Amino acid sequence: MRYAIRMDSMPPPSPDWCLFLDVDGTLIELAATPFESVADPEIKALLVEVGTRLGGALALVSGRTISYLDALLAPLRLPTAGLHGVERRDAAGVLHGSELADPALDGARAAFKALVNAHPGTVFEDKGRSIAIHYRLAPQYEPRITEVVSGIAARAGPHYHLQHGIMMLELKPAGSSKATAIAAFLEEPPFHGRRPVFVGDDLTDHDGFEIVEARGGISVAVGDRVRAQYRAANVSMVRAWLKDLAALPPSAQAAPPR
């Protein structure tokens with residue numbers, strides 16, 4: 001991973017890109033809890049316009065479930081990778097993976113709930129195939145939460161991976177990541193043959209940055225929590241850049257997002 005080389009600047013827009021976007025902290029402001037996020041009409045319209053300019057080569061790559069993102073951005077149904085790559089909907093609308101609850105996580109699920117109940121201000125999030133604890137509202141518990149969750153993850157076994165994020169920890173199936181999701185998109189139309197660009201703000205976005213750089217693409221960090229080739233100061237700067245992208249002449253390579 002290279003450190004940011006162009007601070008508080010964005011790469012000049014190009015119609016030959018395929019664009020991968022994190023959501024929370026990138027397209028919309030971070031909320032106090034994972035259940036309070038709101039997507040305003042402006043960002044929905046921008047996603048449609050940018051997708052049209054890029055011939056449909058735009059996808060969301062998030063730790064949220066696909067169903068959550070569909071509800072957040074309704075009526076849009078964009079190509080989307082959810083749960084850090086565990087599930088993915090391609091540009092043709094085909095779903096890969098499942099967001100159904102994983103019964104093998106039942107023991108860890110109960111342990112996470114007990115941990116949250118013992119630490120006021122922490123929040124449990126059940127995503128079906130993965131589970132998470134957020135401690136943004138109770139940062140004083142970070143050492144204890146990290147210690148206990150690391151033990152729970154170890155007992156869950158090698159088929160599960162402990163994903164570290166900003167003020168959160170998530171236990172998810174091993175073998176999937178934002179990098180594997182981006183790699184899969186890049187093998188398919190309308191993404192194949194285009195230069196990949198990934199924009200994200202969290203520790204969970206590092207592997208996505210690495211794969212787009214390895215494929216000759218561009219990484220863009222938002223805020224000062226992570227490093228990439230470029231850095232946007234905040235969500236507002238990302239949105240201004242998306243408006244520049246939307247002003248490009250339309251690409252004729254594929255249909256716009258639905």
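The first residue in the sequence is number 1, and the count goes up from there. Here the structure is a predicted model, which means the values were calculated and not measured.
- Considering all non-hydrogen atoms of both residues, Asp24 and Ser37 come closest at OD1-OG, 2.8 Å.
- Between Val212 and Ile218, the closest heavy-atom pair is CG2-O, 3.5 Å.
- Interatomic distance, CD1 of Ile182 versus CZ of Arg215, reported as 9.5 Å (0.5 Å rounding).
- A side-chain donor-acceptor contact under 3.5 Å links Arg194 to the backbone of Leu54.
- Under a hydrophobic clustering in which Ile, Leu, Val, Met, Phe, Trp and Tyr are joined whenever their side-chain heavy atoms come within less than 4.5 Å, directly or via other members, Phe209 and Leu186 fall into the same cluster.
- The pair Glu125-Arg64 meets the salt-bridge criterion, with a side-chain N (NZ, NE, NH1 or NH2) lying under 4.0 Å from an Asp/Glu carboxylate O.
- Contact of the Leu245 side chain with the Glu49 side chain is not registered, since no non-hydrogen atoms from C-beta on lie closer than 4.5 Å.
- Listed for the Thr65 side chain is a donor-acceptor partner under 3.5 Å among the backbone atoms of Tyr68.
- Side chain of Thr180 to main chain of Ser176: no donor-acceptor pair is present (N/O by atom type, distance under 3.5 Å, no hydrogens or angles).
- Between Thr80 and Ser62, every side-chain heavy-atom pair lies at or beyond the 4.5 Å cut-off.
- In this structure, the separation between CZ on Arg155 and CG on Leu171 is 11.0 Å, given to the nearest 0.5 Å.
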>> side chain to side chain contact (heavy atoms under 4.5 Å, CB included), that's the test. Do His96 and Asp90 meet it? Break it down for me.
In response: CA-CA 8 Å; His96 306 263; Asp90 63 28; 3.0 Å; yes
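- In this structure, OG1 in Thr122 is found 12.0 Å from CZ in Arg144, a value given to the nearest 0.5 Å.
- In this structure the side chain of Leu21 never reaches within 4.5 angstrom of the side chain of Val61, judged on heavy atoms.
- Residue Leu46 is grouped with residue Leu27 when hydrophobic side chains (ILVMFWY) are merged at heavy-atom distances under 4.5 angstrom, including chains of intermediate members.
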> For Leu72 and Ile28, what are the C-alpha separation, side-chain angles and deciding distance, and is it a side chain to side chain contact (heavy atoms under 4.5 Å, CB included)?
Replying inline: CA-CA 11 Å; Leu72 181 70; Ile28 61 176; 3.9 Å; yes
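- Looking at Leu60 and Ile66, their side chains never come closer than 4.5 Å, going by heavy atoms from C-beta outward.
- Between the side chain of Trp241 and the backbone N or O of Ala232, no donor-acceptor pair lies under 3.5 Å.
- Taken together through direct or relayed side-chain contacts under 4.5 Å among Ile, Leu, Val, Met, Phe, Trp and Tyr, Leu203 and Ile211 form part of one hydrophobic cluster.
- Here ring-ring contact (aromatic ring centres under 6.0 Å, His included) pairs that include residues 100-140, with residues two or more places apart or in two chains, are His119-Tyr141.
- From His206, atom NE2 reaches atom OG of Ser177 across 13.5 Å, with rounding to the nearest 0.5 Å.
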> Stepwise, does the salt bridge (Lys or Arg N to Asp or Glu O under 4.0 Å) test hold for Asp70 with Arg89?
Replying inline: CA-CA 11 Å; Asp70 283 349; Arg89 183 174 61 221; 2.8 Å; yes
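- Atom OG1 of Thr204 and atom CG of Asp22 lie 6.0 Å apart (nearest 0.5 Å).
- To the nearest 0.5 Å, atom OG of residue Ser67 and atom CD of residue Glu87 are 6.5 Å apart.
- Checked for salt-bridge contact, Glu42 and Lys243 meet the test: a charged N lies under 4.0 Å from a carboxylate O.
- A salt bridge does not link Asp224 to Arg231: none of the charged nitrogens lies less than 4.0 Å from a carboxylate oxygen.
- Results of the side-chain hydrogen bond (donor to acceptor under 3.5 Å, both in side chains) test with Asp205 over His84, Lys178, Arg225 single out Lys178 as the only residue that passes.
- What you find for Ser130 and Leu105 is that their closest heavy atoms are CA-CD1, 4.0 Å.
- When side chains are defined from C-beta on, Leu47 counts as touching Leu73, because their heavy atoms get closer than 4.5 Å.
- Between Arg195 and Asp16, no side-chain nitrogen of the basic residue sits less than 4.0 Å from a carboxylate oxygen of the acidic one, so the salt-bridge criterion is not met.
- The shortest side-chain heavy-atom distance between Phe198 and Val220 does not fall under the 4.5 Å cut-off.
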Can you list, pair by pair, the side-chain donor-acceptor contacts under 3.5 Å of residues 161-169, counting residues two or more places apart and other chains?
none

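- In terms of heavy-atom proximity, Leu58 sits nearest to Gly51 at CD1-N, 4.0 Å.
- The two residues Ile43 and Ala39 come nearest to each other via the heavy atoms CG2-CB, 4.1 Å.
- Cluster annotation: Val148 and Leu137 are assigned to distinct hydrophobic clusters (Ile/Leu/Val/Met/Phe/Trp/Tyr, side-chain heavy-atom contacts under 4.5 Å, transitive).
- Although no hydrogens or angles enter the test, the distance criterion places a donor-acceptor pair under 3.5 Å between the side chain of Arg53 and the main chain of Leu248.
- Looking at heavy atoms from C-beta onward, Glu188 lies out of side-chain contact with Val94 at the 4.5 angstrom threshold.
- Cluster membership check: Leu30 does not share its hydrophobic cluster with Val23, using side-chain heavy-atom separations under 4.5 Å among Ile, Leu, Val, Met, Phe, Trp and Tyr.
- Between Pro196 and Phe20 there is a side-chain heavy-atom pair separated by less than 4.5 Å.
- One finds no salt bridge joining Asp102 and Lys127 here, because no Lys/Arg side-chain nitrogen approaches an Asp/Glu carboxylate oxygen to under 4.0 Å.
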> Given Ser9 and Tyr230, is the side chain to side chain contact (heavy atoms under 4.5 Å, CB included) satisfied, shown in steps?
Replying inline: CA-CA 6 Å; Ser9 67; Tyr230 289 80; 3.8 Å; yes
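- The two atoms that bring Val50 and Leu242 nearest to each other are CG2-O, 3.4 Å, heavy atoms only.
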